Number of protein chains: 2
Amino acid sequence: MCGIVGYIGGKAAAPILVEGLKKLEYRGYDSAGVAVMESGKIEVRKAKGKLAVLEGRLSCCNFGAQIGIGHTRWATHGKPSDENSHPHQDCQGDFAVVHNGIIENFQSLKEDLIAKGRTFKSETDTEVLAHLVETFYEGDLEAAVHKVVAAIEGSYAMAFLCRHEPEKIVAVRKDSPLVVGLGDGEYFLASDIPAILAHTRRTFILNDGEMAVLTAEGAVIKTAESGEVIAKEVFEVKWDAVAAEKGGYDHFMIKEIYEQPKALRDTIKGRFNEDGVNLDEIGIDKELLTKANKVVIVACGTAYHAGLVGKYVIENLARIPVEVDIASEFRYRNPLINKKTLVIVVSQSGETADTLAALREAQSKGAKVLAVTNVVGSTIAREADSVLYTWAGPEIAVASTKAYTTQLAAMITVALALAQCQCALPCSEIKAIAESLKAIPGQVETVLAQADKVKEISEQIKGWDDVFFIGRSIDYAVALEGSLKLKEISYIHAEAYAAGELKHGTLALITDNIPVIALATQEQVLDKTVSNIQEVKARDAYVIAVAQEGNKEIGKFAEHVLTIPRTHAALTPILAVVPLQMLAYYTAVARECDVDKPRNLAKSVTVE
Amino acid sequence: MCGIVGYIGGKAAAPILVEGLKKLEYRGYDSAGVAVMESGKIEVRKAKGKLAVLEGRLSCCNFGAQIGIGHTRWATHGKPSDENSHPHQDCQGDFAVVHNGIIENFQSLKEDLIAKGRTFKSETDTEVLAHLVETFYEGDLEAAVHKVVAAIEGSYAMAFLCRHEPEKIVAVRKDSPLVVGLGDGEYFLASDIPAILAHTRRTFILNDGEMAVLTAEGAVIKTAESGEVIAKEVFEVKWDAVAAEKGGYDHFMIKEIYEQPKALRDTIKGRFNEDGVNLDEIGIDKELLTKANKVVIVACGTAYHAGLVGKYVIENLARIPVEVDIASEFRYRNPLINKKTLVIVVSQSGETADTLAALREAQSKGAKVLAVTNVVGSTIAREADSVLYTWAGPEIAVASTKAYTTQLAAMITVALALAQCQCALPCSEIKAIAESLKAIPGQVETVLAQADKVKEISEQIKGWDDVFFIGRSIDYAVALEGSLKLKEISYIHAEAYAAGELKHGTLALITDNIPVIALATQEQVLDKTVSNIQEVKARDAYVIAVAQEGNKEIGKFAEHVLTIPRTHAALTPILAVVPLQMLAYYTAVARECDVDKPRNLAKSVTVE
């Protein structure tokens, strides 16, 4: 995710801004920049790459400016490059803006602004903000920002500088965090607390729809819409620097688990409209979607498990045969694909070595490749024929959580897009599923609210070295992901089975009280899954079930039932995996494992 | 497998024959029969079903005959039925014969005999023996049998009665066991020692090409070809009845592991000729082989693992896309198949409930189904459109071994048949692979000779509760089967991974000295597999490798290397799985597990 900093006070701003950005480095970024008010003029320095590159560019400038804003960027709209880095400016360079989030209607705004003669230098959504504020400016930056807020749709935390009001920073937020740090005659702005902790612990935490106006005299919080002053309470930060990085959570993993509703909202946003799937927005070649007669999904690890869900949803919704393959297998198997095959590669980092090799192998055989990735400008994103981004933001914990659930949302989007282009489903059904998908982020929140129950179950599991997961149909794919999570971070040997396969061998391993986690969210195979639960119960297993709300049957056979809200059968994995992520997390914590950095594993596997 | 008994002496033969057959019941059978020499006439009673049915038919006869032969049948040529049961007779009923094994040239012999006016009552290969001996008979049964032996090809243990020589049984063997029991004024014949153990422990064990001539005066062993008398040593059986059932082995599983060379020879026999695959012999609809544009393999458990190998070999040799599915998943997923899809179901018993349901689901969607099964006349064999039998003989141990390797041989046969019908491979290459396949049974013997080394390794493994298997490409499929074997009978939680997937999660479970069994038989991914071995070595795993002879590299990274002889890449699984079967067996024995009847498992899963 992007990071924002701002400073106004009695010291040179540039070094303070860079130091602040460094505190946000852990969150991942691909470029950085600052804007300072130097001798009545806005000076912007920005650079693709590490902060050291930016520091190099600043070192020769010797700016004395005591006011400025800074940004680290994690690419969304537009690849990582100097031009796409923030701050962005209007044509005259009278304004500068930094922004986190996504401006959903930027495309139409941009067209209007171009029609009015504005020239765009970048591919970003953010640049419209600079041109907009310039358009609206009539001598009052705050008033202009009110108008910007009224014109835009989407999520944002943003901060503006204006050459005509050189001692002021104006910032607003909606659905993206922003805090003001209250120093001694100096004021700070930041998207995250770690950036200001070296200077002050006294803060204003902005809510949605609030605007901060920072001058050397003080920080005033107003409404973003109309500028009415809000009496804001000072929030005293008690976290240490490490806790602050984790937003108050004990580990990045649990922070990221809780970020899923937002990540999902961002990933779904704008991708559906009155026609069903917004094909212009998702950016997948329409001919590809229309002509594909076979889909091959290739990935590794957790992304492979997302691919397994993809098989179910694409086959069920679009009725196109899907093969899912492990990238390290696919690339060496001389796969049977051709130019009518849609190959989908899935990789959070966009740099997974085997997946990249698989992409190249597929292209060399004439297939078109759609990449589902979380990192704009990554190698896989650059080399793929189309890209469908997940907007999970940077994922820091090695065990993937929010990247996985957003990959699932992406898979459903692809399935619906294929169904739409190939007329496999009536429009009404596509829209109904899209509506259910939009409800999912809120439903994930409901699931997260069961944390205490999950924690209690983890106490039962923590003493075991072997645990089994079972499920049928799409639940089997979720079981695989649940078992991988537990394995990765708690070092429990967890293994998942298609529930019907148990009696063909694995049942031999079921002994007194051994935990079996049974996914039972699929109505059409519920009876069969219940039979399999009884098979393990008959061998005295300790059963933890995951089922849809209102399932009365399952409680009779399980020690615990974790419920998920009702939704379309194809969407249950996004909900059902959440308690499994939490279970892995709390079990690993109870076993005193290094949750965020499990032994032997790396976040992004860029070697074969 | 079929069972043979014979008696000549001073007591009523029929009850002795039935008692003898009962001792062979454990070996599995589907019908039974006896022939006795009653008042100068051969009386035959036979029946489909259990021995009790035969006993019922005999109970009203009160035969006093003191000479007779009996048989329990396990269907091969022709379904289980009264007609197909042994003994078989010629048109006049002057001769009776029982037979174990397969007469390979029975089809042409049968046509000749029909041309000469003989009428056949059954679908069996055995019936030709009765008509042949009648044709050749010129007043000397022994001489006629010499001529029969000269006329037939294949494997056999067989015994003849002749109305014109009412006090004689003539029996011969080739590639199928036969023993003579030496009593006090009475003589016994049996395919297996348990059948005679109640009467005597003094025996002649017949070798290939030997003939036994039994009269009330004694048992004489001669050459089958020309009747020269052989001085035979008496073999005193020291086994108890239970050990005798297992042919001297401690468990059925290890007996069946050692039966694999024979089972493979029987499964391959006659299926290849100068054209490559003998399409007439294998009995798969040629149109199906020519038109299939997609193959779907459906099975459970071990048979599913055979299907995974099937995918590799069919895709590689015939270049037709293959999907492999678990039967309990396939039947509920509304699979995407049509009449150009060749669906292959694999089931040892031919009665696996989920696999049968999958077969019906496939047929209901218009697909043609080829069954690969070990049991003639089983429900799956009856309902499938074509059947390719494995000739493994009855498998008694719950953990499948010889059924699996013969399924692999069947998969390769299908792959070559598809390649041949669709011209995907030059004829010379098909023949070369067929030649390699014919060498496999002998190569399995070489692998079996490493039992001591495997036993030693099992001592290292027996103390662990978690073991990992890794492999790439076709080796991954073998790794899955190896891990299932270990899991089923030793209760060690063994899990298999595609070697390239380790670093995407499972590597977290690798700790000091944990056993990792690495399959490394595939030349084209050998370097990559060696890299993966090094990954686990770096975490101090205890590596046991399975590699092809002459691989010098692998020994540097593994504690132990089990070698398999060199063969075609598609055939390595048949060799590579053998040390893994033995490893599972010896480890389970070392852990004092009930090898043949593991807890919670059944041999044939006829429920969902």
Side-chain angles (χ1 to χ4, degrees), chain A residues 294 300-304 312 315-316 319-323 326-329 332-337 352 354 399 465-466 472-473 476 484-485 487-489 491-493 495 498-501 503-511 522 524-525 528 531 535 538-539 598-602 605 607-608, chain B residues 294 300-304 312 315-316 319-323 326-329 332-337 352 354 399 465-466 472-473 476 484-485 487-489 491-493 495 498-501 503-511 522 524-525 528 531 535 538-539 598-602 605 607-608:
Chain A
K294 179 177 172 182
C300 300
T302 289
Y304 170 71
Y312 285 95
E315 290 195 343
N316 275 307
R319 301 301 292 162
I320 302 169
V322 181
E323 211 176 305
I326 293 166
S328 63
E329 292 292 313
Y332 295 115
R333 87 158 36 146
N334 190 10
L336 290 160
I337 52 178
T352 314
D354 283 319
D465 289 324
D466 298 87
R472 281 173 178 261
S473 159
Y476 172 43
L484 178 59
K485 284 295 93 91
K487 203 176 323 203
E488 281 180 307
I489 61 169
Y491 315 143
I492 289 174
H493 187 182
E495 193 176 0
E501 276 288 277
K503 53 190 170 307
H504 293 282
T506 311
L507 212 50
L509 298 183
I510 303 300
T511 51
Q522 299 296 299
Q524 89 283 12
V525 288
K528 308 291 169 190
S531 298
E535 280 167 19
R539 277 84 192 181
R599 69 184 176 208
N600 304 343
L601 301 181
V605 182
V607 295
E608 288 183 33
Chain B
K294 180 178 171 180
C300 300
T302 288
Y304 170 72
Y312 284 94
E315 289 196 342
N316 275 307
R319 301 302 291 162
I320 301 169
V322 181
E323 214 176 302
I326 293 167
S328 63
E329 291 292 313
Y332 296 115
R333 88 156 36 144
N334 190 9
L336 289 160
I337 53 179
T352 314
D354 282 320
D465 289 325
D466 299 88
R472 282 173 178 260
S473 160
Y476 172 42
L484 178 60
K485 284 295 95 91
K487 203 176 321 204
E488 281 180 305
I489 60 168
Y491 315 143
I492 290 174
H493 188 181
E495 192 177 0
E501 277 287 278
K503 53 189 169 306
H504 293 282
T506 311
L507 212 49
L509 298 182
I510 303 299
T511 52
Q522 297 298 299
Q524 90 282 13
V525 288
K528 309 291 169 189
S531 298
E535 280 168 17
R539 278 84 192 182
R599 68 182 176 209
N600 304 341
L601 302 181
V605 182
V607 295
E608 286 183 31

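Order of the sequence lines sets the chain letters (A, B, ...), proteins ahead of strands, with each chain counted from 1. What's counted below: heavy atoms across the whole structure, side chains too, no hydrogens, waters or symmetry copies. Quick caveat, the model's predicted, so the values are computed rather than measured.
Of the listed residues (B/Ile489, B/Asn316, B/Val322, B/Asn334), the one with the most heavy-atom contacts under 4.5 Å to chain A is B/Asn334. With chain A as partner, the option from B/Gln522, B/Gln524, B/Glu315 having the largest number of non-hydrogen pairs under 4.5 angstrom is B/Glu315. Ranked by heavy-atom pairs under 4.5 Å with chain A, the first of B/Glu323, B/Arg319, B/Lys294 is B/Arg319. Annotation: maximal heavy-atom pairing with chain B below 4.5 Å, among A/Tyr312, A/Tyr304, A/Tyr476, occurs at A/Tyr312. Between chain B and the residues A/Ala508, A/Ser328, A/Gly301, the largest count of heavy-atom pairs under 4.5 Å involves A/Ala508.
Heavy atoms of A/Ile320 lying under 4.5 Å from chain B belong exclusively to its backbone. Residue contact with chain B, scored on non-hydrogen atoms closer than 4.5 Å, is absent for A/Lys485. Contact of B/Leu507 with chain A is made through backbone and side chain together, with heavy-atom distances under 4.5 Å. For B/Arg539, the part lying near chain A is the side chain, with the backbone staying farther off; criterion is any non-hydrogen pair under 4.5 Å. Proximity to chain A is limited to the backbone of B/Ile492, based on heavy atoms less than 4.5 angstrom apart. Looking at B/Leu509, both its backbone and its side chain come within 4.5 Å of chain A, counting heavy atoms on both sides. For A/Glu501, the parts sitting under 4.5 Å from any heavy atom of chain B are the backbone and the side chain alike. With a threshold of 4.5 angstrom between heavy atoms, A/Thr511 approaches chain B through side-chain atoms but not through N, CA, C or O.
With rounding to the nearest 0.5 angstrom, the NZ atom of B/Lys528 is 8.5 Å from the CG atom of A/Asp354. Note that the CG atom of A/Asp466 and the CG atom of B/Asp465 stand 7.0 Å from one another [nearest 0.5 Å].
Two residues are said to be in side-chain contact when any heavy atoms from C-beta on lie closer than 4.5 Å; B/Glu495 and A/Lys487 meet this criterion.
Considering all non-hydrogen atoms of both residues, A/Leu484 and B/Gly505 come closest at CD1-CA, 3.8 Å. Here the shortest heavy-atom pairing between B/His504 and A/Glu488 reads O-OE2, 3.8 Å.
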